[in-house]
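Each remark here refers to the structure printed beneath this line.
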2 protein chains.
Amino acid sequence: MASIKEVAKLAGVSVATVSRVLNDKGYVGQHTREMVEQAIKELNYKPNEVARSLFKKQSSTIGLIVPDIMNPYFPELARAVEDTASKFGYNVILCNSDEDKVKEQAYLDMLQQNYVNGIIVSSNTMTAEQVIKLNIPVVSIDREISKGLPTIVVENMKGAHTATRYLISKGCSRIAHIRGPQGVVNADERCEGYREVVQQESWFSESYIVDGDYDMESSIEATLELLKTHPEIDGIFAANDIMAIGAMKAANQLGTKVPDELAIVGFDGIKLSSVTIPELTTIVQPIYEMGEKATKMLVSLMNQQEVGQTYYKFDVDLIERNST
Amino acid sequence: MASIKEVAKLAGVSVATVSRVLNDKGYVGQHTREMVEQAIKELNYKPNEVARSLFKKQSSTIGLIVPDIMNPYFPELARAVEDTASKFGYNVILCNSDEDKVKEQAYLDMLQQNYVNGIIVSSNTMTAEQVIKLNIPVVSIDREISKGLPTIVVENMKGAHTATRYLISKGCSRIAHIRGPQGVVNADERCEGYREVVQQESWFSESYIVDGDYDMESSIEATLELLKTHPEIDGIFAANDIMAIGAMKAANQLGTKVPDELAIVGFDGIKLSSVTIPELTTIVQPIYEMGEKATKMLVSLMNQQEVGQTYYKFDVDLIERNST
DNA sequence: TCAGAAAGGGTAACCGGTTACACATAGAAA
DNA sequence: TTTCTATGTGTAACCGGTTACCCTTTCTGA
């Protein structure tokens, strides 16, 4: 790879002038500029980003920390982030934290050592202190680290209301909820939303709420157990799509017909939800838009631009399909 | 962030000595070493990776270029690559090429400018020339760029044989194939494998092979068309899982029972294949292992170590589930 | 006519590491 | 005792850019 010195020599100017042409900064004569551009073309010169980063204390890179890219929610988010970052000239370093505090801190250190300009993170375990100590813009997505930090979330409560009311409107008279992990904010909110709608119903009891782990296995088990103890259940609101699919599998295993005998609604609107048979009715989050928004906000933050609002709560939508 | 100079000053030594301690290189007295380590701890010093990269002409980063991380095959691959890279101290820059030659070249340039040490790529459009010009180790995965370049693929032909023979063994007497895009090596091979098994059958004609685009929509359409023109079909081998699921949807739409009236086999063994109802019988690729192997090979290549074999063809397995 | 501003471009310091080289000292071999 | 080698440490060049600062030349306006 040719360096700026070689370009300077070929063009018969100093490196400073080449740099000025490159960055379109300072005064450069028309003729000189052409000479330099010619030399650049001739040598197929591309400036060394590492050297640039060292001087600027800024790499044109952002970090994306997710719990696990294999979790179907995150590929779409990652795609949105990468697309948007790329549009603004940034690269994306992918990190899988497994929600592990030690790994998370290690990634944070690594990103800082690499002079990344900003970080997008989805985590339940990260603390505000960790983030602030970094001294780099951080946007939190899907999960809230702390009020005050830039955050992108969705209307979990409202989505849960919508899902539960919808099941009622479909004629369900006994509606259960498979909730996400205790302590995870969005799981708590979705559960709370469900509870607000059903708690004044005469049939409701706490045993209609069962724990899941946001994965399929836990949900299958929970549903099997649920339908055994409460055979009267005719509607399930699962806190995410994977668990909703698990519920469908459990129902199928027991010979319970979906949607005729049991209606099921999920949450998230991941692509997966439309490949099942029957297709899943779900509360969709605008995942791509959220990733895009997060990245745009991060870019503004990195460029020290004004960014007015730093807390966004995206609306969610019910998509009616065949599981209800 | 503290710099090496500050550490040197605090420890009362020169920066060279600090560097020696850091890298465990050259002679350092026991007492001096302790002083330096103490200073490092005190300042919470972490060496600046960018400065290091500049001098070494090596960043501890590798690039991963995939067509689209949203394609369900790739998250698992990405996870494997990131896990393995991380284990060896490397970061991963994620790039979505959309199989677009221009984007691909742009990513290649960018990665080179950022001094990445190596690249893992999955692409049909990249040429050997592009790769060689980079002068960086590149491992191709899932798709073959050129014999001679480090490559990880699977036994596509054999997998197709297995799938087709399996359908025959299950009593299917008219077996169709939904193939992947023309010109894509693995699609061609899978099709060829199918053809080898069925072409001596008396019932076989080219009209049993239909084009798909490795996505669900194309497959639904193709299957609908196929079943209309050939109602006698009782088995379908789809060239990937997504298309197999598309075929299931089409069958469902026509009221054809899977697996009773129509058996379906997919290819890839992505996680998705086990969430459908009925679960999909498929030829599984060891995706995670492939990503792991690719990364390990890349690391060896980057460290100029001996790597004997550079072409791996992984075996595939039939997983029997409920779609057959 | 002449001061001051604008335009054009070079020199060298700097970013934060690594390492070749120089130098000093101590112990081992001759 | 002398010489050689191993050990320990500092100085400064270097990686490839950016930019503060300086110097010249040309233009502008009073």
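Chain naming here is simple, since letters A, B, ... match the order of the sequence lines and numbering starts at 1 in each. Note that the coordinates shown come from a computational prediction; the quantities given were computed from them, not determined experimentally.
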query: Distance from B:Glu82 atom CD to A:Ile69 atom CD1, nearest 0.5 Å?
result: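 With rounding to 0.5 Å, CD (B:Glu82) is 9.5 Å from CD1 (A:Ile69).
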task: Using the salt bridge (Lys or Arg N to Asp or Glu O under 4.0 Å) rule, collect all pairs that involve residues 51-61 of chain B, keeping only residues at least two apart or in two chains.
output: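 Qualifying pairs: B:Glu49-B:Arg52.
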Can you tell me if the side-chain N/O atoms of [X] get under 4.0 Å from OP1 or OP2 in [N]?
{"X": "B:Thr17", "N": "D:dT9", "value": "no"}
{"X": "B:Ser19", "N": "C:dT18", "value": "yes"}
{"X": "B:Ser14", "N": "D:dG10", "value": "yes"}

task: In whole angstrom, give the distance that lies between atom CE of A:Met1 and atom P of D:dC15.
output: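 Those two atoms, CE and P, are 14 Å apart.
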Would you kindly say whether [X] and [Y] are connected by a side-chain donor-acceptor distance under 3.5 Å?
{"X": "A:Tyr45", "Y": "A:Glu6", "value": "no"}
{"X": "B:Gln113", "Y": "B:Asp109", "value": "no"}
{"X": "B:Tyr107", "Y": "B:Asn96", "value": "no"}
{"X": "B:Asp268", "Y": "B:Tyr214", "value": "no"}
{"X": "A:Gln38", "Y": "A:Glu34", "value": "no"}

- prompt: What do the steps show when you test A:Phe74 against A:Asp68 for side-chain contact (heavy atoms from CB on, under 4.5 Å), and what is the final call?
  reply: CA-CA 7 Å; A:Phe74 294 110; A:Asp68 181 4; 5.7 Å; no
message: Below 4.0 angstrom, which residues in residues 46-58 of chain B have at least one non-hydrogen atom near DNA chain D?
response: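 By residue number: B:Leu54, B:Phe55, B:Lys57.
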Proximity to the side chain of B:Leu22 - top-ranked nucleotide from C:dT18, C:dT19, C:dG9: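 The answer is C:dT18, which lies nearest to the side chain.
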- prompt: Looking at D:dC15, D:dG10, D:dA20, which one has an atom nearest to any side-chain atom of A:Lys5?
  reply: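 Nearest nucleotide to the side chain: D:dC15.
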Check nucleotides 22-26 of chain D against the protein and report each pair of N or O atoms closer than 3.5 Å, with its distance, or say if there are none.
none

message: A:Ile152 and side chain to side chain contact (heavy atoms under 4.5 Å, CB included): which single residue from A:Ile120, A:Ile141, A:Thr310 fits?
response: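 It is A:Ile141; the other options fail the test.
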salt_bridge(B:Lys87, B:Asp83) N-O dist < 4.0 Å: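 Looking at B:Lys87 and B:Asp83, the cut-off is not met.
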query: Does B:Lys296 come within less than 4.0 Å of B:Glu292, counting only side-chain N to carboxylate O?
result: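 Yes, charged N to carboxylate O under 4.0 Å.
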field: Degree of bending in the helix from C:dT1-D:dA30 to C:dA30-D:dT1 once both end axes are built from five pairs, to 10°
entry: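 Comparing the first five pairs with the last five, the axes sit 40° apart.
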message: Base of D:dG8, side chain of B:Arg33 - is there a donor-acceptor contact under 3.5 Å?
response: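 Answer no: no donor N or O sits under 3.5 Å from an acceptor.
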- prompt: With a non-hydrogen cut-off below 4.0 angstrom, is B:Val18 in contact with a base, only sugar-phosphate, or nothing?
  reply: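 Nothing, no nucleic acid heavy atom in range.
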- prompt: Can you list the residues that meet the side chain to side chain donor-acceptor pair (under 3.5 Å) rule with A:Ser3, with sequence neighbours excluded?
  reply: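 None.
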message: I need the minimum non-hydrogen distance between A:Val116 and A:Ile119, along with the two atoms involved.
response: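 Looking at all heavy atoms of both residues, the closest pair is CG2-CG1, 4.0 Å.
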- request: Determine, for nucleotides 3-8 of chain C in 5'-to-3' order, which nucleotides have protein heavy atoms under 4.0 Å from the base (write B), from only the sugar-phosphate (write S), or from neither (write -).
  value: ---SBB
